[in-house]
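What follows is a short report on a single structure.
The residues of the chain are indexed from 1 along the displayed sequence.
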Amino acid sequence: MTDQIIMFISQLFNGLKIGSVYALVALGYTMVYGIIRLINFAHGDFIMVGAYVLMLTIPAIVAMGLPAWVAVIPAILVCVAVGVIVEKAAYKPVREKGNSMTALITAIAMSLLLENGSQAIFGADFQPSIAFGKLKLPGDTLLTIVIGLVIMVGLQLFVKFTRQGKAMRAVSEDKEAAVLMGINVNSTIALTFAIGSGLAAVASLMYCAAYPQVSPMMGAMLGLKAFVAAVLGGIGSIPGAMIGGLAIGLIESLTKAYIGTITAGIITSAFSDAIVFAILIIVLLVKPSGIMGKNEGEKV
C-alpha cells in the first residue's frame, strides 16, 4: 500500500510538472485567440526555437560562471523577436486582407516553415543532451508548478489593471471601437504575440530541464496538447488555460502509469496521446466553450 501511495503521489507531481508546461503554452494560445480569434498553430514551434537558443547559449553562459538557467533570457528575447516578426510578416497582412480560413492556413504554413527551417539548419535528428545536462534546476517539479501559477496570476492582473491590458480587452471586444478610442490595434496585437512568445521560451526552459533533448519537431506534439488544454479550460480564459494544462498533464501521467501497468506495458505513450485528443473531441461535443469559457452568440 505504501509503495502504491508513493507511486500515485509521484505520478501526480509528474503530471503537474508537465501540465504546468502545457499551461504556459496554452496561455500563449489563449492570449492570441482572445485578441484576434486566431489559433496560432506555430506557437508550439516557438518552444522549439527557445530550446535551440538554450542549447546554443547554455555553454557560453556556464563558461562565464553563471547558472545555466540564465540562458532563458536570450531565449525569451529570440522567441519574442520571432513571434513579433511572424505576426508582422504573416498574420498582419492576412488579418487585413484575408479571412479566418486564410489566417488558419497561414498559421499552419508558419508552423511548417519553422519546423523545416530548423531541420535545414540543425538537421532532423535529436541533438545531444550535453548542453542541457548543465541545466539543473533545484526542485524543478515544484518550481515549474510555482512558475506556472505566478505567471497566470501576473497575466490576469496585467490584463485587468494595466493600460496595455485594458487595451487588449478593448481590442478583443471590438476592434473598430478600440480604434475610435485611440488604441493602436496593431501595437496591441504585436504586444500580445510578444508576451505569448516569451511564455513559450519559459516553457522551453522548464521542458528541457525535465527532458534534456531538442529536435525540430519537438514543439509539434507539445503545442497540440497545449491547444487541447486551452480548449478544455476555455480558450480565451487565462485561468482556464492553467486549469486545462494541469488537467491534461495529470490525465497523461496517470494514464501512462496505471493503464500501462495493467496491460503489462502494451499501452504506450501513443495511447495516452490518443486519450488526450479524445478529450478534445468530447469537450467540443459536450461543452465547446470549455470549463472556464463563456458561450458567445455569433455576431451577424
Side-chain angles (χ1 to χ4, degrees), residues 10 13-28 42-85 114-115 117-155 194-223 225-226 242 245-246 249 252-253:
S10 176
F13 273 95
N14 288 337
L16 290 173
K17 178 169 65 174
I18 189 62
S20 297
V21 175
Y22 293 153
L24 287 175
V25 185
L27 284 170
H43 188 70
D45 297 296
F46 294 162
I47 299 171
M48 174 267 296
V49 172
Y52 273 111
V53 175
L54 289 172
M55 182 189 74
L56 295 173
T57 56
I58 284 176
I61 294 292
V62 173
M64 290 188 290
L66 298 172
W69 61 264
V70 175
V72 75
I73 297 174
I76 290 174
L77 295 176
V78 171
C79 284
V80 167
V82 170
V84 172
I85 290 172
L114 290 172
E115 290 169 4
S118 63
Q119 287 187 37
I121 297 172
F122 299 103
D125 298 329
F126 281 96
Q127 296 296 318
S129 60
I130 298 174
F132 295 110
K134 302 173 183 177
L135 188 58
K136 301 297 183 182
L137 299 176
D140 62 322
T141 298
L142 288 175
L143 185 62
T144 303
I145 298 170
V146 170
I147 287 176
L149 291 172
V150 168
I151 289 177
M152 182 202 71
V153 173
L155 278 178
I195 294 174
S197 303
L199 292 178
V202 177
S204 68
L205 172 75
M206 310 315 296
Y207 185 82
C208 291
Y211 308 100
Q213 56 185 1
V214 57
S215 75
M217 300 301 296
M218 64 176 287
M221 183 59 71
L222 187 58
K225 290 180 181 179
M242 193 71 196
L246 294 177
E252 181 180 336
S253 178

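When all heavy atoms of Lys225 and Glu252 are compared, the pair lying nearest together is NZ-OE2, 3.2 Å. Minimum interatomic distance between Tyr22 and Ala226 (heavy atoms only, all atoms of both residues): O-CB, 3.6 Å. Looking at every heavy atom in both residues, Gly196 comes nearest to His43 through O-CE1, 3.0 Å. Closest heavy-atom contact between Ala194 and Val80: O-CG2, 3.4 Å. The minimum heavy-atom distance linking Ala51 with Met218 is given by the pair CB-SD, 3.7 Å. When every heavy atom of Val21 is checked against every heavy atom of Ala203, the shortest pair comes out as CG1-O, 4.0 Å.
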| task | I would like to know whether Tyr207 and Ile18 meet side-chain contact (heavy atoms from CB on, under 4.5 Å); could you show each step before the answer? | result | CA-CA 8 Å; Tyr207 185 82; Ile18 189 62; 4.0 Å; yes

| said: Between Gln119 and Met217, does the side-chain contact (heavy atoms from CB on, under 4.5 Å) criterion hold? Intermediate values first, please. | reply: CA-CA 9 Å; Gln119 287 187 37; Met217 300 301 296; 3.7 Å; yes

| said: As a quick check of understanding, evaluate side-chain contact (heavy atoms from CB on, under 4.5 Å) for Ile195 and Leu155, giving each step before the final call. | reply: CA-CA 9 Å; Ile195 294 174; Leu155 278 178; 3.8 Å; yes

| task | With side-chain contact (heavy atoms from CB on, under 4.5 Å) as the test, would you mind laying out the steps for Met206 and Ser20 before giving the verdict? | result | CA-CA 9 Å; Met206 310 315 296; Ser20 297; over 6 Å; no

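The shortest side-chain heavy-atom distance between Ile58 and Met55 does not fall under the 4.5 Å cut-off. Phe46 has its side chain out of reach of Val25: every pair of non-hydrogen atoms, C-beta onward, lies at least 4.5 Å apart.
The structure places CG of Leu205 at 7.0 Å from CD1 of Ile147, a figure rounded to the nearest 0.5 Å. Between the OG atom in Ser253 and the CG atom in Asn14 there is a gap of 5.0 Å [rounded to 0.5 Å]. Here the SG-CG distance, from Cys79 to Leu199, works out to 10.5 Å after rounding to the nearest 0.5 Å. The distance from atom CD1 of Ile151 to atom CE of Met242, rounded to the nearest 0.5 Å, is 8.5 Å. Rounding to the nearest 0.5 angstrom, the gap separating the CG atom in Leu16 from the CG atom in Leu149 is 9.0 Å. Rounding to the nearest 0.5 Å gives a distance of 10.0 Å between CG of Asp45 and CG of Leu222.
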